[in-house]
There are 4 protein chains.
Amino acid sequence: MARVTQQHVDARRESILDAAARLFARKGVNSATMSDIAAEAGLSAGAIYRYFGSKDDLLRAVFDEAVERNERLFREESESAPSPLTALQNIGRRIWVEHDDRDSLICEVQMALSAARDPDDFGLDLSRNRQVIRELLKSMIEAAQASGEIDPYIDATALALILQAASGGIQTLKLEDGDSIDIQSAFDLMVQMVSGLRASSSAAHER
Amino acid sequence: MARVTQQHVDARRESILDAAARLFARKGVNSATMSDIAAEAGLSAGAIYRYFGSKDDLLRAVFDEAVERNERLFREESESAPSPLTALQNIGRRIWVEHDDRDSLICEVQMALSAARDPDDFGLDLSRNRQVIRELLKSMIEAAQASGEIDPYIDATALALILQAASGGIQTLKLEDGDSIDIQSAFDLMVQMVSGLRASSSAAHER
Amino acid sequence: MARVTQQHVDARRESILDAAARLFARKGVNSATMSDIAAEAGLSAGAIYRYFGSKDDLLRAVFDEAVERNERLFREESESAPSPLTALQNIGRRIWVEHDDRDSLICEVQMALSAARDPDDFGLDLSRNRQVIRELLKSMIEAAQASGEIDPYIDATALALILQAASGGIQTLKLEDGDSIDIQSAFDLMVQMVSGLRASSSAAHER
Amino acid sequence: MARVTQQHVDARRESILDAAARLFARKGVNSATMSDIAAEAGLSAGAIYRYFGSKDDLLRAVFDEAVERNERLFREESESAPSPLTALQNIGRRIWVEHDDRDSLICEVQMALSAARDPDDFGLDLSRNRQVIRELLKSMIEAAQASGEIDPYIDATALALILQAASGGIQTLKLEDGDSIDIQSAFDLMVQMVSGLRASSSAAHER
DNA sequence: TATGAATGAGTTTTCATTCAT
DNA sequence: TATGAATGAAAACTCATTCAT
């Protein structure tokens with residue numbers, strides 16, 4: 001296998017990362033053994049160590065990739081969308097509705113991680129990442145408020161938190177109860193609820 | 001030793017259950033060791049086995065209790081509230097805002113469980129439980145629609161799913177990022193968004 | 001085993017330390033497995049971890065104890081002996097001739113350690129310890145020179161090095177070829193060689 | 001490929017043997033991995049197996065070569081030296097003072113081996129080898145006694161043991177504390193101590 | 001009943017060895 | 001011949017569970 005160059009190595013790395021993300025999300029970080037992951041990737045346990053120094057390294061890599069995907073998602077949509085609200089909707093659609101196996105992991109992995117690990121280890125990074133996302137959401141909401149798409153009297157921070165919570169929750173439910181759920185309808189309704197905030201503006205700032 | 005009556009036994013059982021729930025939520029099911037739990041309950045590791053046959057039994061008991069609490073929560077509120085929407089709001093408030101350590105576990109434990117276990121074991125029960133909750137929510141929403149508190153053209157199933165997802169997500173965020181979050185504002189906004197569905201009804205059923 | 005107090009715990013710790021020292025010396029640090037050590041101590045592998053956090057901890061403990069024994073040996077003899085040379089001889093005798101299994105490990109363990117480990121880990125401590133011993137030997141030799149027991153023209157540093165080398169070497173040989181060796185005669189001759197340095201003084205400082 | 005002749009194969013074998021000896025001595029037999037050795041020899045791990053059937057084979061080969069070098073050392077010196085004592089001194093000098101990396105391994109390797117391996121495997125050979133060396137030393141000492149260079153009342157066996165022990169010990173110290181040691185002075189003193197045995201003869205056999 | 005020492009099965013990790021290229 | 005990816009058999013370590021006290 002002397003000729004199996006970088007390309008092959010990269011592909012392997014990817015497939016391990018993929019398998020790990022899948023299993024971390026499915027079984028939890030602790031329950032997913034290196035053997036499980038190796039099997040899922042079509043390898044023996046020991047082989048993984050050629051690509052990742054330890055289970056923790058692998059975990060970190062999965063996490064980093066999830067973070068990166070998330071950022072890319074936000075960046076792409078906010079750059080290409082015609083308006084802030086549209087951007088928000090597109091991001092929401094991609095998280096709620098459209099997704100391959102890999103995309104769905106963006107949030108699950110983080111939740112699985114946080115549920116399964118000592119906060120001292122990863123917790124800070126996870127928490128920081130969630131906060132960053134919340135800030136991004138808040139900025140987009142404020143932009144939408146500035147452009148008149150969302151009621152300016154709404155508490156942007158609170159809305160960002162709700163969107164994050166609902167998205168996270170939906171990911172978990174999709175992952176676990178996948179078949180018995182009609183995501184599309186839920187997403188449409190969510191959009192409607194956010195849009196509805198325009199009409200109810202007077203009620204809002206009088207509370 | 002005959003004097004160590006049922007009362008004492010029950011108290012011990014309770015405190016173990018309590019400690020277990022706390023630790024399962026805090027560290028994840030796998031990372032919480034029997035010794036951890038015993039220490040948290042003020043016992044030695046071996047003693048737990050007098051009250052629960054195995055860690056799995058304990059896990060199951062914690063789960064069952066969480067389910068039971070959840071049911072009690074719904075029952076109490078729907079019986080005492082003056083209207084369906086108020087009931088929903090009260091339930092929401094108790095889940096989002098008011099809660100002692102124990103209550104906050106209602107959802108976390110479920111998430112922790114689902115994140116940490118092989119779906120073959122617990123998954124079905126968890127999934128079934130979540131479905132039951134969704135049905136309950138749906139019934140309450142439909143009741144609110146019947147009484148004119150919520151726009152009747154709204155998809156009750158979708159709303160139930162959103163409420164469940166958001167509540168679950170909020171629990172996780174509270175558990176992990178607790179300090180940096182303003183739950184009360186988020187809850188108020190959530191209430192407003194659900195209420196807002198009344199005003200936007202015409203838009204909704206024309207989609 | 002609730003009543004098995006500190007005394008029992010200490011005894012266990014001792015016996016594990018004992019077994020570990022024996023096996024480290026006999027098979028080398030790497031080849032001596034935790035199971036080996038446990039078996040030698042009459043335990044299962046896992047049990048050791050109740051007393052020592054890791055194999056490295058155990059190694060360190062064995063090392064520390066060896067150092068301590070060594071120091072005690074030097075201290076006792078140099079305090080109680082009637083003269084510096086006698087002290088040196090007594091120390092020598094205890095290292096070369098008299099010794100139970102445990103004492104013989106004083107040096108072997110250090111050699112086994114150094115032979116089997118990455119110098120980055122333990123090497124510095126080992127080296128420092130050996131240097132300390134050499135300094136002690138040198139001081140004793142100089143005292144003997146001051147009191148006229150050893151030729152003052154002898155290079156005390158060089159003699160200390162020789163004594164340390166010979167003692168270390170002897171320990172290894174004893175450990176490995178034990179039965180086929182007549183230690184007593186070798187020790188007597190060594191004493192004679194050191195004593196002989198008195199007579200050859202003139203030759204020495206004329207070189 | 002037919003051109004890659006015996007010459008090339010032998011050179012490769014030599015360089016692997018060299019690398020292995022160096023690493024066995026430096027890191028210990030267990031800690032030196034086949035990859036380490038291969039890298040040190042400028043090869044890949046798998047390639048070694050073209051020259052040595054297994055790590056154990058390689059170990060054995062290193063050992064055998066060390067033995068052979070040792071024997072050659074003794075043979076050369078005892079043949080070329082003008083007198084038995086001079087031969088002993090020359091051998092000593094080559095072991096204590098002069099040596100390239102490879103020569104210094106003569107003893108270290110044996111010590112590393114013995115420290116790192118189950119006595120059942122190699123131990124016997126090692127022990128036998130050491131005994132052979134001791135016998136050689138003894139013969140040379142006896143020759144020196146016969147020629148009047150060393151006091152005939154000295155116990156030749158005991159002196160051989162001391163020389164072997166001191167040489168072995170020195171090798172270890174040199175390997176590990178190399179820089180902080182003045183070998184030359186120690187060697188000179190050792191020579192002096194052996195020579196001194198001439199003068200102290202009367203004292204010796206009267207003890 | 002409670003303790004906590006001990007066991008043993010399971011998990012991560014390492015590395016000699018094999019083998020497709 | 002040489003490579004280095006992959007395997008698989010240990011070895012370190014963890015922890016649910018048992019049991020003598």
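Proteins get letters first, then strands, A, B, ... in listed order; numbering begins at 1 in each.
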Does a nitrogen or oxygen in the side chain of B:Arg50 sit under 4.0 Å from OP1 or OP2 of E:dT1?
-> no
note: D:Asp57, atom CG; E:dT17, atom C1'; distance rounded to Å ~ 13 Å
In Å and rounded to the nearest 0.5 Å, what is the CG to CD1 distance from B:Asp57 to B:Ile48?
-> 12.0 Å
How close do A:Ala32 and A:Lys55 get, heavy atom to heavy atom, and via which atoms?
-> O-NZ, 2.8 Å
To the nearest Å, how far apart are D:Leu59 CG and E:dT17 C1'?
-> 16 Å
Between atom CG in C:Leu43 and atom P in F:dT18, what is the gap in whole Å?
-> 20 Å
Watson-Crick and G-U pairing of DNA chain E written in dot-bracket, each distance under 3.5 angstrom, with | for inter-strand partners = .||||||||||||||||||||
Which one, E:dA16, E:dT13, F:dT17, comes nearest to the side chain of B:Met34?
-> F:dT17
For DNA chain E, whose closest nucleotide is more 5', that of B:Gly42 or that of A:Ala45?
-> B:Gly42
Do C:Leu23 and C:Val29 come within less than 4.5 Å of each other through their side chains, counting heavy atoms only?
-> no
Measure from the side chain of D:Thr33, starting at C-beta and using heavy atoms only, and say which of E:dT1, E:dA16, F:dA16 lies closest.
-> E:dA16
Nearest-nucleotide 5' precedence on DNA chain E, D:Ser54 against A:Gly46 | A:Gly46
According to a strict under-4.0 Å criterion, is D:Tyr51 in side-chain N/O contact with OP1 or OP2 of F:dA2?
-> yes
Would you mind reading off the distance between A:Phe24 atom CZ and E:dT12 atom C1', rounded to a whole angstrom?
-> 12 Å
Sugar-phosphate only, base, or nothing, as touched by D:Phe52 at under 4.0 Å among non-hydrogen atoms | nothing
Whichever of B:Gly53 and D:Ile48 has its nearest DNA chain F nucleotide further upstream toward 5' = D:Ile48
A:Leu58 side chain reached by A:Tyr51 side chain, heavy atoms, under 4.5 Å | no
When you get a sec, tell me which of E:dT17, E:dT3, E:dA5 is the closest nucleotide to the side chain of D:Lys55?
-> E:dT17
At under 4.0 Å, does any side-chain N or O of C:Tyr49 touch on OP1 or OP2 of F:dT14?
-> no
Spacing between C:Ile37 atom CD1 and F:dC13 atom P, to the nearest angstrom = 10 Å
Is there a side-chain contact between C:Phe52 and C:Leu59, using heavy atoms and a 4.5 Å cut-off?
-> no
Whole-Å distance separating the CG atom of B:Asp56 from the P atom of F:dC15 = 16 Å
Would you check if the side chain of B:Asp64 reaches a backbone N or O of B:Ala61 as a donor-acceptor pair within less than 3.5 Å?
-> no
Taking only side-chain nitrogens and oxygens of B:Arg12, does any of them come within less than 4.0 Å of OP1 or OP2 of E:dT1?
-> no
Using a heavy-atom cut-off of under 4.0 Å over every strand shown, decide if A:Ala32 touches base, sugar-phosphate, or nothing.
-> sugar-phosphate
Interatomic distance, B:Asn30 CG vs F:dC15 P [rounded to whole Å] = 10 Å
Nearest-Å distance, CG (B:Asp36) to P (F:dC15)?
-> 8 Å
Could you give the distance from OG (B:Ser15) to CG (B:Leu43), rounded to the nearest 0.5 Å?
-> 6.0 Å
Side chain to side chain, D:Glu14 and D:Leu17, heavy atoms closer than 4.5 Å = yes
Just call it for A:Ser44: base, sugar-phosphate, or nothing, with non-hydrogen atoms closer than 4.0 Å on any strand.
-> base
